[in-house]
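Below is one structure, written out as structure tokens; the observations come after it.
Chain identifiers are assigned alphabetically (A, B, ...) following the order of the sequence lines, protein sequences preceding nucleic acid strands; residue numbering begins at 1 within each chain.
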Amino acid sequence: MIDYKAVEEKWQKAWRDAKIFEPGVSDRQPYMVTAAFPYTNGPQHIGHLRTYATADVLARYKRMKGFNVLYPMGFHLTGIPIISQANKLKEGDPGVIKDFKSFGIPENEIEKMKDPLYMGNYFANSAKNSMMLAGYSIDWTRSLNSIEPSFSKMVEWQFGLLNKKGHLVQGRHPVGWCPKDGGAVGMHDTKGDVEPEIEKETAVKFKVVGEEYSILCVTFRPETIQGVTNLFINETAVYAICRSGPDTYCISLQSMDSLKYQIELVKIAELKGSELLSKRCINPFNGSSIPIYPGYFVKEDIGTGAVMSVPAHAPFDYVAIERLKSSGYPIGELKPIVVVSMPKPDAKPSGNVASDVPELELPALKYLRAVNAGINSPDEDIEKATKLEYKEESYKGIMAVKEYEGMPEQEARDRIAESLIKSSAAIEVYALVNDKPVFCRCMTRVVVKVVDNQWFINYGNEEWKSAVREHLSKMNIFPEKSRSAFESAIEWINLRAVVRAQGLGTRFPIDPTHIIESLSDSTIYMAFYTIRNLIRGVDPEKLKPEFFDYVYLGEGNPQAVSDSTSIDYDIIKKCRESFTYWYCDTSRHSALELIFNHLSMYLFNHVAIFKKENWPKQIVVNGMVLMEGEKMSKSLGNIITLDNGFKKFGVDPARLVVVASTDLFNDSNFMEDSVNGVKERFEYINDVCLQLEKLETGELRQTDYWLYSRLNRKIDVISKAMEELELRAVSTELLYNTAKELRRYFARGGKNSVVVRDYVSSITLMLQPIAPHISEELWHILGNDSFSSAERWPVADASMINGKIEDQELLVDNVIEDAKQASALMSKKFGKKPKLMRIIVANQWKSDMLNSFAKSKNIGESVKAAVAAGADVAQAQRFAEGLAKKANEVHEMRLSENDEFESLSGATEYIAAMLGCNISIEQESQSKSQRAQRASPMKPSIDIET
RNA sequence: GCAGGGGUGGCAGAGCUUGGCCAAAUGCGACGGGCUUAGGACCCGUUCCCUUAGCGGGUGCGAGAGUUCAAAUCUCUCCCCCUGCACCA
């Protein structure tokens, strides 16, 4: 039995002592592998294993291919989550405390984590420990974290450069905002961790006749403005008349409280909603005069407390009008105006409920019916109808009124909104569109604030985009099929807010009251690894921009930099040397879901900052890890921390299952069964290594050549798979097929210790990237003093690949399989056990015919040739018919009749043993068996005597 | 809604880029047998349907339609699932 714990400790210590993963600058070709650094607000768990272990596999493989490989690691502490987590602890949040306890964190530590910095460092340390347990081939001398002062210096330099290049811009930006705290509110700051969803809306100004103010109505569907028949207000609410620049608005008093964070509002008067009812206002689109009615559904705290009524297309509006009518409210001529039509379905409707309702009705009514609602239905039903109508019409609706007639509704929406805003008939506002109101942790309701001077990185810059686009086309992307995601990410990414008012991190150089947002501060940090170890003794204050200009960009000269920064000349030189050495051939590892943020920003920033030769060369993304088929989540309680997982399963089995149970793109499924399967194979190979001495030596026999052939073919297959990072293929070939082949080799009578040693030695070496500890152990058992990690990757000897021998052995296996089946069926049916089996090899003319047919596909000629060669005409024709039937499947044979006969004869003992009866190998022409004629190439006839 | 990726046998998961050697690798599970005092491990066999002494035939790879001599594989439409959607790591 393999003692995983002991093996892991032994080799991890040996690696550390030998410092084999601390590469210096050398003559060997450099290769640098980096993986997204872990965020430190929790422990490492099995899910984290995937990215880091995949990177480790590549690092180890490249090392064996003769590269000088650097795999560094750092920790992410910037941002909000750590702070909000610490705050939760301070508040005594039972959820967080419970989670932490379940991770095995001692209570006194939890207490100390009320200090966010303490928490960050605690988890950084714990992550480092877990990663060391995982045996990643990381060079820890370069470790860094994202809040250390020297790192901040680099980030400051980076943003100075971005600014110089014009990539930083300022502008208006809506954010979730807590009026009480006076700060922006993201998901981590809200009660229940909900993301405030902000959407753009249009607020249309309806000038009130005879007054100086306009009623402001917020809408998602400005394109329906021609269908407005009236306004709705809440007659019991209080409305405010406010000045806003040159405009004067009438909005509900309550909505003023939230809207004032978006537009300037100075209240000059108040009036009751009921006072508005006697007035009329003007539709700014067409100048028509419309009345104002009380709308039962109008809420004073939503939007502006006033709604433009489009009864033809808004179920609520329709219902409100109908209810007013039936209550006797004086409504004169009010005709709903249809402004959007649905295309006639040319085929059968595709299950759209609404399509079942006859046309010629008002759309609003149609959708009400579609959800089985009427004018007296509860609001939830009307809401349903509203949503359905919004969805369907937005998707398929066609404008049905002049000017925009025939235009898809989506397009008309943008155009009309734009033109209304342009003519000052409307303004743009934002609203939270979460189903429920969003509250800040402090219980204050979150509003939308438009920040005026927000700083952005302008990823929308077309020049920048096209440079990135072009570079991407030259990069390796694994898996290749995620390239399209990168392509669309490049197109999609636009302005990205880059600073926050709070959180851990680097101060923004242009406005030190703000902190650089934490995804933006970690886009080029990998470059820092190349010098981190060299500047440990340097006072961070000395790391002035000119230092980075020289080290990263080669600008200036080391003497001048040394003079102005008072950093040692030698250190500066070495940094530059190290950077140029390492930062060329790089592989970046991260998870699939980061393509649209981190990885894209990584590309953009590299292109913006560095010289072309230092741009990224390769990105590897991987899916996530499922636990026994389920998503890992705290609520399911199925998160296994790395430390626990390793204890339970062993490092190599665990990482092998996570990394190699599926291809990169798919989610990998961590199942205990799979772990056990892996372990069994390890045990088997381990046993073979341990028992090598018991084998004999001697001349090579057919079986030995077979095993060599398999081995060399395997080396080819695995090497190719490794290059493509198809780790699943690597593991099946290396573990499952290896065990299978060895078993067969021994069963077939193989017993040559030299051959087996050669075989398992190569297997052991190829195992190194995916199962490093086991590999070292086996390598050691095989009598080697070196590290398998430091050995070279095996190279296939093409001359040892022998298709003929493999076919001969395949034939033997086929025969055994067929015979077993036949005899099993026979004994089942007739209850008789076979005494003797005749295995009859097909005539040579059959394989000749088959080969000629495979080439020419011409039956007639093949038959003729066969007859000329002495075949019986009737037999030849019968055989030809069989061939013709599956003409497409016929392929050439490598073995002649003699080859078949020889290999079967040579394997008589083996076959007899496998079948448990006597065997006679015969040739078709010589055999007296009646079944002899049934023989065909690679498929001898079998005649069973009982 | 938009963008990206998927839907394959009891399950997991290949194959689909380059259509035919695909009833579909591999692993797990289940069933039967062997080994064993017994269990585990291990070994052998079966595991879509019919049929058969290994043959052969049918149905079949989300649904439907199409291209083709030939489709899990190409095209179109539809349905469903997953991930991301921004200031948040």
Side-chain angles (χ1 to χ4, degrees), chain A residues 36 38-39 41 76 78-82 173 175-176 184 186-189 195 197-198 347-348 350-351 390-391 394-395 410 451 454-457 459 479-489 491-500 503 517-520 522 591-598 601 623-624 626 629 631 661-663 665-669 671 673-674 676-678 680 683-684 728-729 731-733 735-737 740 743 747 814-815 817-830 834 882 885-891 914 931 934 939-944 946:
Chain A
Y39 195 72
N41 66 340
H76 204 186
T78 46
I80 318 277
I82 292 180
H173 186 62
V175 291
M187 187 175 84
H188 297 287
D189 311 309
E195 181 78 49
E197 289 170 49
I198 297 170
K348 210 178 108 213
S350 55
Y390 182 79
K391 191 179 150 190
S394 296
Y395 185 42
Q410 291 271 14
V451 182
Q454 174 66 291
W455 282 95
F456 299 93
I457 297 185
Y459 293 116
E480 178 59 33
K481 67 174 150 186
S482 61
R483 184 183 294 277
S484 53
F486 278 97
E487 282 162 358
S488 21
E491 301 314 314
W492 165 85
I493 194 169
N494 194 8
L495 291 176
R496 181 168 182 108
V498 75
V499 297
R500 287 206 53 144
E517 178 270 321
S518 57
L519 280 187
S520 302
S522 47
L592 224 38
E593 65 261 27
L594 267 63
I595 292 176
F596 278 78
N597 47 48
H598 167 73
M601 293 160 75
M624 52 185 188
L626 302 176
K631 213 168 158 170
S661 67
T662 182
D663 65 48
F665 203 83
N666 283 348
D667 295 341
S668 79
N669 193 357
M671 295 193 284
D673 283 338
S674 317
N676 292 335
V678 168
E680 280 163 25
E683 291 291 346
Y684 181 75
R728 207 188 53 80
S731 89
T732 38
E733 187 58 38
L735 281 183
Y736 297 96
N737 292 351
K740 212 184 266 181
R743 286 198 175 108
N814 284 350
V815 164
E817 198 175 306
D818 283 358
K820 267 186 181 167
Q821 243 176 72
S823 78
L825 272 172
M826 210 170 166
S827 55
K828 204 164 155 194
K829 220 163 186 165
F830 308 113
K885 240 186 188 173
K886 32 185 181 175
N888 292 322
E889 298 166 21
V890 172
H891 54 286
M914 297 302 281
R931 298 179 77 90
R934 297 170 74 129
K939 199 154 191 70
S941 174
I942 296 165
D943 190 0
I944 303 175
T946 54

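Distances shown here put a side-chain N or O of A:Lys481 below 4.0 Å from the OP1 or OP2 atom of B:rG6. Contact check, A:Lys631 against B:rU83: a side-chain N or O comes under 4.0 Å of OP1 or OP2. For A:Ser674 and B:rC28, the shortest distance from a side-chain N or O to OP1 or OP2 is not below 4.0 Å. Side-chain N/O atoms of A:Asn666 include one lying less than 4.0 angstrom from OP1 or OP2 on B:rA14.
Using a 4.0 Å heavy-atom criterion, one finds that A:Phe665 contacts the sugar-phosphate atoms exclusively. Among the atoms of the strands shown, base atoms are found under 4.0 Å from some heavy atom of A:Ala497.
The interatomic distance linking A:Leu594 (CG) with B:rU83 (P) rounds to 15 Å, in whole Å. If you take CD1 of A:Ile80 and P of B:rA86, they are 16 Å apart, rounded to a whole angstrom. Between A:Ile595 atom CD1 and B:rC82 atom C1' there is a gap of 14 Å when expressed in whole angstrom units. If you take CD of A:Glu480 and P of B:rG5, they are 12 Å apart, rounded to a whole angstrom. Rounded to a whole Å, the OH atom of A:Tyr736 is 14 Å from the C1' atom of B:rA25. Atom CD1 of A:Ile942 and atom P of B:rC55 are 10 Å apart (whole Å).
The side chain of A:His173 lies closest to B:rC87 when the candidates are B:rA12, B:rC87, B:rU83. The side chain of A:Arg496 sits closest to B:rA86 out of B:rA12, B:rC42, B:rA86. Distances from the side chain of A:Met624 to the nucleotides B:rG5, B:rA14, B:rU83 place B:rU83 closest. When distances run from any side-chain atom of A:Phe456 to the nucleotides B:rG5, B:rC87, B:rU83, the shortest one goes to B:rC87. Out of B:rG4, B:rG54, B:rG84, the shortest distance to the side chain of A:Glu593 is found at B:rG84. For A:Lys740, counting side-chain heavy atoms from C-beta on, the closest listed nucleotide (B:rA3, B:rC87, B:rU26) is B:rU26. Listed nucleotides B:rC28, B:rG5, B:rA14 differ in distance to A:Thr662; the shortest reach to its side chain belongs to B:rA14. Relative to the side chain of A:Thr732, the nucleotides B:rG54, B:rU26, B:rG5 differ in distance, and B:rU26 lies closest. Comparing B:rC42, B:rA53, B:rG54 against the side chain of A:Glu680 picks out B:rC42 as the nearest. Which of B:rG54, B:rC28, B:rC87 sits closest to the side chain of A:Asp673 comes down to B:rC28.
The shortest side-chain heavy-atom distance between A:Thr78 and A:His76 falls under the 4.5 Å cut-off. By the 4.5 Å heavy-atom criterion applied to side chains, A:Ser482 and A:Ile595 are counted as neighbours. Using a 4.5 Å cut-off on side-chain heavy atoms (C-beta onward), A:Gln454 and A:Val499 make contact.
Using Watson-Crick or G-U wobble geometry with both donor-acceptor distances under 3.5 Å, B:rG84 finds its partner in B:rC2. The base-pairing partner of B:rU47, taking Watson-Crick or G-U wobble contacts with both distances under 3.5 Å, is B:rG29. Base pairing analysis places B:rA63 opposite B:rU77; the two distances defining the Watson-Crick or G-U wobble pair are each below 3.5 Å.
Comparing B:rA23 with B:rU77, their P atoms are spaced 30 Å from each other, to the whole Å. Comparing B:rG54 with B:rG62, their P atoms are spaced 32 Å from each other, to the whole Å. Taking the C1' atom of each, B:rG7 and B:rG56 are spaced 33 Å apart, rounded to whole Å. Here, B:rU8 and B:rC80 have their C1' atoms 15 Å apart, quoted to the whole Å. Between B:rC55 and B:rA24, the two P atoms lie 11 Å apart (nearest whole Å). Separation of the P atoms belonging to B:rG5 and B:rU75 is 13 Å when rounded to the nearest angstrom. Here the separation of B:rG13 from B:rC61, taken at their C1' atoms, is 13 Å to the nearest Å. Taking atom C1' on both nucleotides, B:rG29 is separated from B:rG10 by 7 Å, rounded to a whole Å.
When atom types are taken as modelled, the side chain of A:Asp663 and the backbone of A:Phe665 share a donor-acceptor pair closer than 3.5 angstrom. Put simply, the side chain of A:Asn737 never gets that close to the backbone of A:Lys740: no donor and acceptor are under 3.5 Å apart.
Of all the heavy atoms in A:Ile942 and A:Asp818, the pair that sits closest is CD1-CB, 3.8 Å.
Atom CG in A:Asp667 sits 8.0 Å away from atom OG1 in A:Thr662 (nearest 0.5 Å). Separation of atoms OG (A:Ser520) and CD1 (A:Ile457) is listed at 4.5 Å; rounding is to 0.5 Å.
Counting distance only, with no hydrogens placed and no angle test, the side-chain atoms of A:Arg728 and the base atoms of B:rG27 include no donor-acceptor pair under 3.5 Å.
Nearest-nucleotide positions on RNA chain B place A:Ser661 closer to the 5' end than the other of A:Ser661 and A:His76. Two residues, A:Ser668 and A:Leu519, neighbour RNA chain B, and the one matched to the more 5' nucleotide by heavy-atom proximity is A:Ser668.
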